[in-house]
Amino acid sequence: DLRREHNNQTTTTMQRSKSLFLKETSFFDAAIDAASHVGDHLEDDPVAAHQRDGDMIQMARKFLTQSCPQLLVVLEEHPDKSTADDRLVKIGRNVSATLRHARRSSSIQLTKGLTEEDNSDDDHHRKLYETYSKDKIDASLRLLADECADLASLLQRDGSIAPVPKVRYGKTELQMPVVTLGCMRFQQSWNRSDKAAVTTMEQVEADCQSNLVEIIRHAVRSGINHIETAKGYGSSQLQIGFALKTLLDAGEFKREDLIIQTKGGVSSSMTIADYKQDVLKSIATLQLDYVDLFSVHGINTPQDYDLLFNNGDNNLIVALQELQAEGKIRHIGFSTHGPAALIRQTIESDAFSYLNLHYHFCGSYTASGDGATAGNLENVRLAHSKDMGIFIISGYDKGGRLYAPSNKLRDLCLPDMEPMTYGSAWLWQHDMHDDQKTPIHTFVVGAARPSDLDQPILAANLLAENPDLMAARRERVTQRLDQAMKDALGEKWLQTWHQGLLNAHESKYQTHFTGLVWAYNLIQGWGMLDYCKDRYGPMEDHLAKWSVEKSKEDNMTTMGPGFGWMPGVAVDESLDYEPDYAQIPVENKEQVRKAVKFVHEWTKKQGEEEKKGGSTKEIPLEWETAYDMRPWTAFPERSTS
């Protein structure tokens, strides 16, 4: 199928990569040639590769010279050298990761069979790949070259790349782009400490604001006209307000062509009047007369729900309804990191036109393991039955850390798609693979640089131009992913693993058993160790504040609001968890115990004594990170602010 598909694309690819085909050189040989210019060591050491951006740029240039010279020309002419370099670094990391994984997968086996004479052969470098399919390597690099050709067209704005498609956003009747611009990674500061708080534009670095404006410009020009921020995103609203004024005053686009969404949370100290003023302040900070969408930010616990609907004569939802009647809010929605049952309750309130929730090919983040479908599938279907807009949070981060996937996850996706494209396609074509044909309308990409939008824009172009091809590729990847899970864990376990598990809101010691066993599955099946470390880290932070002597309510107060966003207390080996296993099927209990222990031991932070004792675990190649498509540190992450 792959060979036929690539043959069908030969004419187009030849036009885009003439130098490659005129030389009758394979993409594999082009990559080997590029790698040889920067040193063999880069293919074996992913850390070294990511620390040498200059080498990655050089590797990308060499590869593009043979595979896609027109992109090289476009990047050379790009007015912003740092943005052009971002893209070259990503291309270099892609090539390096493809060769590195293939080489390391086969090198030990081959080295054992090679003589000293073989080792001195000039072709030894290529021989190391022979046990790993050269056809697959070449097809994977062809995929990269095709995307580079599309990127050249996108940056030239030559009209050959379709705008990001739009779909009806449920009962709001808005035409929503299938990609949303998330605004939590490009602002100056998170404003998490008074000392570092950014409250005026005079405190914002010129480079930061310029970068933010370019991201919005790149997004809107590409058809991503939905811009989503929040009061809780530090200086994001402030900076967006000034950026929008600049762009609107310059006539680059019109206010009515944009869908602006912001979010604001509730607290027990708020009155209806307080919440109204809070929202109005956000709108004023954005320098707008109204927002198209306003979300209650984080209905994560029953207490959040009660503040809106069960708060006597102070139900905070009234504040939003009044603002909607006054024309300040067009549509009311909610976002959530809560358990599936709470999300269902909130949907059934019928107070909202849309929702933001976690739901991905790899699980439902904090709701993974909940309910009959082990996540938010039931809630997505329920929302659709009520004609709500369905917005997926964090498609590339909480949706699998797809910008930095494991070797195994990436290998299972290739050569059909990179993991980010697969995660996108799985959501966009949800109505094609869900039994009840439920659509997903959009997912958000938090961009720190303009180049962070390239992959979703190019994926959306494939969706617009050839949805059947996208579906065929997606289905092949899904089959490989499903088979990998079955091979690792068995079909019966995959059907029953979540049964009887308690989440952090239900368990005795606020342990997130649903999330822990879900993490076990992801590591075993797809090698997603670093993703699961990211999930377990906050649980360890909660454990440091948690006490067995305190009630759940007191512990919630001590741990703070972060528990609602990232629930769960890490495993304490001194505690007896058996009472929490009471509802688990007998045949699953031992496997659950094993899973909880495994995740704790593999994802916990190492103490100093463990490091000194040399007890570091040897991480399997398949679990290592393939590449990291974040070439620089985002502005708000440059300090603890």
Side-chain angles (χ1 to χ4, degrees), residues 2-38 43 56-76 78 84-102 126 129 132-156 158 160-161 410-411 413-422 451 454-462 465-466 469-470 473 477 626-627 629:
L2 271 176
R3 192 175 299 279
R4 189 182 313 112
E5 179 182 304
H6 287 314
N7 288 340
N8 290 339
Q9 297 178 57
T10 297
T11 302
T12 302
T13 310
M14 285 182 68
Q15 292 171 351
R16 293 173 174 173
S17 309
K18 288 182 180 178
S19 65
L20 180 66
F21 281 92
L22 289 175
K23 288 183 177 181
E24 297 183 350
T25 304
S26 72
F27 292 94
F28 169 77
D29 287 333
I32 290 291
D33 183 56
S36 69
H37 284 81
V38 299
E43 294 165 25
M56 291 297 99
I57 290 172
Q58 184 182 357
M59 181 182 287
R61 289 181 184 279
K62 292 291 183 182
F63 178 73
L64 291 174
T65 297
Q66 297 188 62
S67 64
C68 187
Q70 66 270 41
L71 178 58
L72 204 52
V73 172
V74 170
L75 293 179
E76 290 289 351
H78 199 283
D85 284 351
D86 284 348
R87 292 173 167 120
L88 289 170
V89 170
K90 291 181 179 184
I91 293 166
R93 289 183 180 183
N94 185 303
V95 173
S96 176
T98 299
L99 294 181
R100 183 175 62 248
H101 180 59
R126 285 171 172 78
Y129 298 92
Y132 192 93
S133 168
K134 283 188 179 180
D135 285 344
K136 181 171 181 177
I137 300 170
D138 202 64
S140 300
L141 294 167
R142 179 189 291 268
L143 177 69
L144 172 62
D146 286 345
E147 290 182 348
C148 287
D150 286 340
L151 179 58
S153 296
L154 173 68
L155 297 178
Q156 287 176 305
D158 64 8
S160 65
I161 301 299
R410 183 173 186 245
D411 193 46
C413 290
L414 290 174
D416 290 291
M417 297 172 163
E418 288 289 349
M420 281 195 285
T421 302
Y422 175 73
S451 65
D454 293 346
Q455 193 79 25
I457 291 170
L458 297 181
N461 180 65
L462 178 60
E465 290 192 339
N466 201 334
L469 175 59
M470 172 172 274
R473 292 179 175 181
V477 175
Y627 53 52
M629 291 297 160

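Values reported hereafter were calculated over all heavy atoms of this structure, with side chains retained and with hydrogens, waters and symmetry mates removed.
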Nearest heavy-atom pair of [X] and [Y]: which atoms, and what distance?
X: I91; Y: C148; value: CD1-SG, 3.8 Å
X: M56; Y: R93; value: SD-N, 3.7 Å
X: L414; Y: S140; value: CB-OG, 3.6 Å
X: L141; Y: F63; value: O-CZ, 4.0 Å
X: A145; Y: S67; value: CB-CB, 4.1 Å
X: L154; Y: I161; value: N-CG1, 3.7 Å

>> Test side chain to side chain contact (heavy atoms under 4.5 Å, CB included) on M629 and N94; report intermediate values, then the result.
In response: CA-CA 9 Å; M629 291 297 160; N94 185 303; 4.1 Å; yes
To the nearest 0.5 angstrom, please state how far the [atom1] atom of [X] sits from the [atom2] atom of [Y].
X: I137; Y: R142; atom1: CD1; atom2: CZ; value: 14.0 Å
X: H78; Y: L88; atom1: NE2; atom2: CG; value: 10.5 Å
X: Q66; Y: L72; atom1: CD; atom2: CG; value: 12.0 Å

| message | Before you tell me yes or no, could you show the steps for S153 and S160 under side chain to side chain donor-acceptor pair (under 3.5 Å), namely the whole-Å CA-CA distance, both residues' side-chain angles and the distance that decides it to 0.1 Å? | response | CA-CA 6 Å; S153 296; S160 65; 3.3 Å; yes
Give a yes or no on whether a salt bridge exists between K136 and D411, defined as a side-chain N under 4.0 angstrom from a carboxylate O. yes
Problem set entry | D33 bridged to K62 by N-O distance under 4.0 Å | no
Q455 meets the side chain to side chain donor-acceptor pair (under 3.5 Å) criterion, sequence neighbours left out, with E147, T421
query: Checking side chain to side chain contact (heavy atoms under 4.5 Å, CB included) for the pair R473/L462: CA distance, chi angles, key distance, verdict?
result: CA-CA 11 Å; R473 292 179 175 181; L462 178 60; 4.0 Å; yes
### Task
Answer yes or no: is there a donor N or O on one side and an acceptor on the other, between the side chain of D138 and the main chain of F27, under 3.5 Å?
yes
D150 side chain to L458 main-chain N or O, any donor-acceptor pair under 3.5 Å? no
Sorted by chain and residue number, the salt bridge (Lys or Arg N to Asp or Glu O under 4.0 Å) partners of E418 (sequence neighbours excluded) come out as R410
Applying salt bridge (Lys or Arg N to Asp or Glu O under 4.0 Å) to D85 and not counting sequence neighbours gives K81
_Checking S451 against D454: is there a side-chain donor and acceptor pair closer than 3.5 Å?_
no
Taking C-beta and beyond as the side chain, do [X] and [Y] meet within less than 4.5 Å on heavy atoms?
X: L155; Y: R87; answer: yes
X: E465; Y: M470; answer: no
X: P456; Y: M420; answer: no

- Task: Please step through side chain to side chain contact (heavy atoms under 4.5 Å, CB included) for the pair D416 and L143, ending with a clear verdict.
- Result: CA-CA 8 Å; D416 290 291; L143 177 69; over 6 Å; no
